[in-house]
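Here's the structure, in structure tokens; my notes come after.
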Amino acid sequence: MASIGKIARRTFLVGVAAIAGGAAFGVYMVRKDAPNPLTAGEGEATLNPYILINQDGVTIIAPRAEMGQGVHTTLAALVADEMDLAWDDITVLHGPPAQAYYNQALLGLALPFHHYADTEFKHNLRQNIGMVGKLLNLQVTGGSTSIKDAYERMRHAGASAREALKLAAAAQLGVDASTLRTENGKVIAPDGTELTYTSLAEAVRDITPPEVPLRAKADWKYLGKSMPRTDMIGKSTGTAPYAADTKLEGMKFATVRMNPRRSGMTSYDDSAAKDMPGVEAIVDLGDGIGVVASNTWLAIQAAEMVDIEWEAANYPADTDGLMAAIRASLDNDPDSSTRDDGDVNGAVEGTEITAEYTVPFLAHATMEPMNATALYTDTHLEVWSGNQAPIIVRDKCAEACGLTPEQVTVHTTLLGGGFGRRGEFDFSVHAAKIAKQFPGTPIRMTWSREEDMRHDFYRPAAMARFRGVVANGQAQLLDGKIAAPSVTHNSSMRLVGQIPPGPDRGHVEGAADQPYSIPNYRITGHLTDLQVPLGFWRSVGNSFNGFFFDTFIDEMAHAAGTDPLEFRLAMARAEHAPSAGVIETVGEMSNWGSETPANIGRGIGFTYSFGTPVAEVVEVEDTGNGIRLNKCWIACDVGTALDPSIVEAQMTSGAVFGFSAAMQGEVTFSDGAAEQYNFYDYDAMRMHNVPEFEVRILETSPHLGGVGEPGTPPSMPALGNALFDLTGTRARELPLIKTFDLIL
């Protein structure tokens, strides 16, 4: 087999893992090591699924996708710190579809405990339950779990590899391994003799890596520090390989045009398109067409020339009908009640307030549109795809082409934005289906931006109805109803063909699981049966529930006549110290409570999500020519900050993502199709209106928290609460541009 190290910067060919399928559940199968999917060539060693050594150096195999969140840098540091590698010598590649790269942390999120209240027993239970992900081949990047999942596994991989290299060097030098030390990719003997790891590749391949203790935090060299990003040079020089950059000899180019109403196709007339110079073929995909041409632009133009009769949507055709269905769900019996403390139906003395909130459908709008490249032969399919779930992509592409999974090779490239959208397989399958019509010819399939916007798996629209009682400056009762179609049900049926058992906890996350001491506290979930395609959007249910819940908390604080920060702080202190810590810290950072000019408003937002409490204070200014977002202070507690610069970047980017949605994000429907086509009518924040940020990272939580998504949920209520402070108008509907004169 060709050496991975020698082609690492090109195609990355690896052996196919032997995947254990249909195994009975049992401790043995759960704990049994998954096969190592890496095949060592001559002069190479693959000591475990994460490390390959050859004459070109050490390659670290990342089990998770890099979509701008910096995960490959921290994953590399986990190995490098234990293995004593020189940082500049590290190469990082994404792993192939393989059971060995299953996500252990993801399933643990589903356990019916409030995450913030995890004891050591509950934390370990999450870890043990998460191991079932191995049997499910759960190789997924999502849920802000990448580092939590890899924290111990990849450090153990580095530590055992280091000791195996010392054993190989000891045998070669004729000394005891205990006399050797390692530094910057070398084994060093007491007399100063140095053997590089690369020179030991052949010798170490037959040594079984021993189990050794992990280094103490005090001995970390890279972890806990802000490291240069492993993808920084490639991305700043334009040489980083995204899926859209895939170039193969003899390549042809394609696009698709699918039913914007998300159902089938009745008929089509391609007579005007198929005779266009450079158009190679029009391919019937069942629910749409594919066009193959000499370049992408021509393929897109030809696709628009095809006259197509589409089937009608199987959901209400316009936004009003969709929102009416969601609103009606609020009056139905609840589908879940995962938080029900005290007695919300009993008599509670105090001032009662009520509020109703609404948020719209949202698109992912990744900068790189959906695309994939496929090369089909009669016996094999090769796919290049920026994706978050390689095994799902492999299996779905195999099914579409009538192949077995073992006949499909998937190369996961860098992702030009994911946010959950690239956890889907549709665009990869499109490329595979078209390539099957052109055996032996590589097909690079790229969606137009318009196709991308109209065929997203959207963040659902949602509504909430809250009732609260305050007395003596404190919350006495909070009763919330949340209605929306289920992301979990919708996506699970599409991805794995079944709905997970039990209540849909994701539907109410960000509201039912908040670390507040409220004597009477209930949140019920009301699922709406709508067939609008839905998917995981950065922070998922927390994205709308964070806005609902924390905005209502702010309303309760004002009704109680209590400072909004102090109101939250009192409830958090009685329930969860790290959450209280970030609320208190963000108050100090922003000098909360200080006198501000009449044209300045400030608001606080707080959400606990993905194991991380985050508090944000937003400052807005009435300029006389519109309201500007001036500044955002963020305090978070991630347990252990493995790379502070990446934590800070993710907190700020998460907030920007949330501000963009809160200010102007909205997908509307007419005649069954999304009305938004491109960035001109579905825009994000631009450099001129991004606020100044200040981030402070705390490390008091007992366990690692996620960082990719927790910055998003509190940003939306913090902005809305700041606008209330400025204008006296409460933000109960998103996007905010409908109510406020914002500078966009």
Exercise: identify the closest heavy-atom pair between L719 and A662: CD2-CB, 4.4 Å
Positive for salt bridge (charged side-chain N to carboxylate O under 4.0 Å, His left out) with D426, one of R421, R262, R494: R421
Minimal non-hydrogen separation, H411 against E382, with atom names: NE2-OE2, 2.6 Å
Under 3.5 Å donor-acceptor, E66 side chain and H72 backbone: yes
Short side-chain to backbone donor-acceptor contact, Q99 and K134, under 3.5 Å: yes
Other residues, nucleotides, ligands: >12 heavy atoms within 6.0 Å of I233 CD1: no
Backbone of T91 reached by a side-chain donor or acceptor of T59 within 3.5 Å: no
Minimal non-hydrogen separation, E666 against L362, with atom names: N-CD2, 3.8 Å
Distance-minimising heavy-atom pair for I308 and R257: CD1-NH1, 3.7 Å
Aromatic plane relationship, Y101 with Y50 - under 30° parallel, 30 to 60° tilted, over 60° perpendicular: perpendicular
Point-to-point distance, once rounded to the nearest 0.5 Å, from OG1 of T145 to CZ of F610: 9.5 Å
N/O donor-acceptor pair under 3.5 Å between E451 side chain and T446 backbone: no
Within 6.0 angstrom of M265 CE, more than 12 heavy atoms from elsewhere: yes
E509 backbone acceptor or donor facing N545 side chain under 3.5 Å: yes
Side chain S539, main chain P710, donor-acceptor under 3.5 Å: no
Short side-chain to backbone donor-acceptor contact, D456 and H364, under 3.5 Å: yes
L736 backbone acceptor or donor facing E733 side chain under 3.5 Å: no
Full working for salt bridge (charged side-chain N to carboxylate O under 4.0 Å, His left out) between D320 and R327: CA-CA 10 Å; D320 287 345; R327 182 181 298 278; over 6 Å; no
Option passing ring-ring contact (aromatic ring centres under 6.0 Å, His included) with W537 (candidates F657, F544, Y458, F361): F657
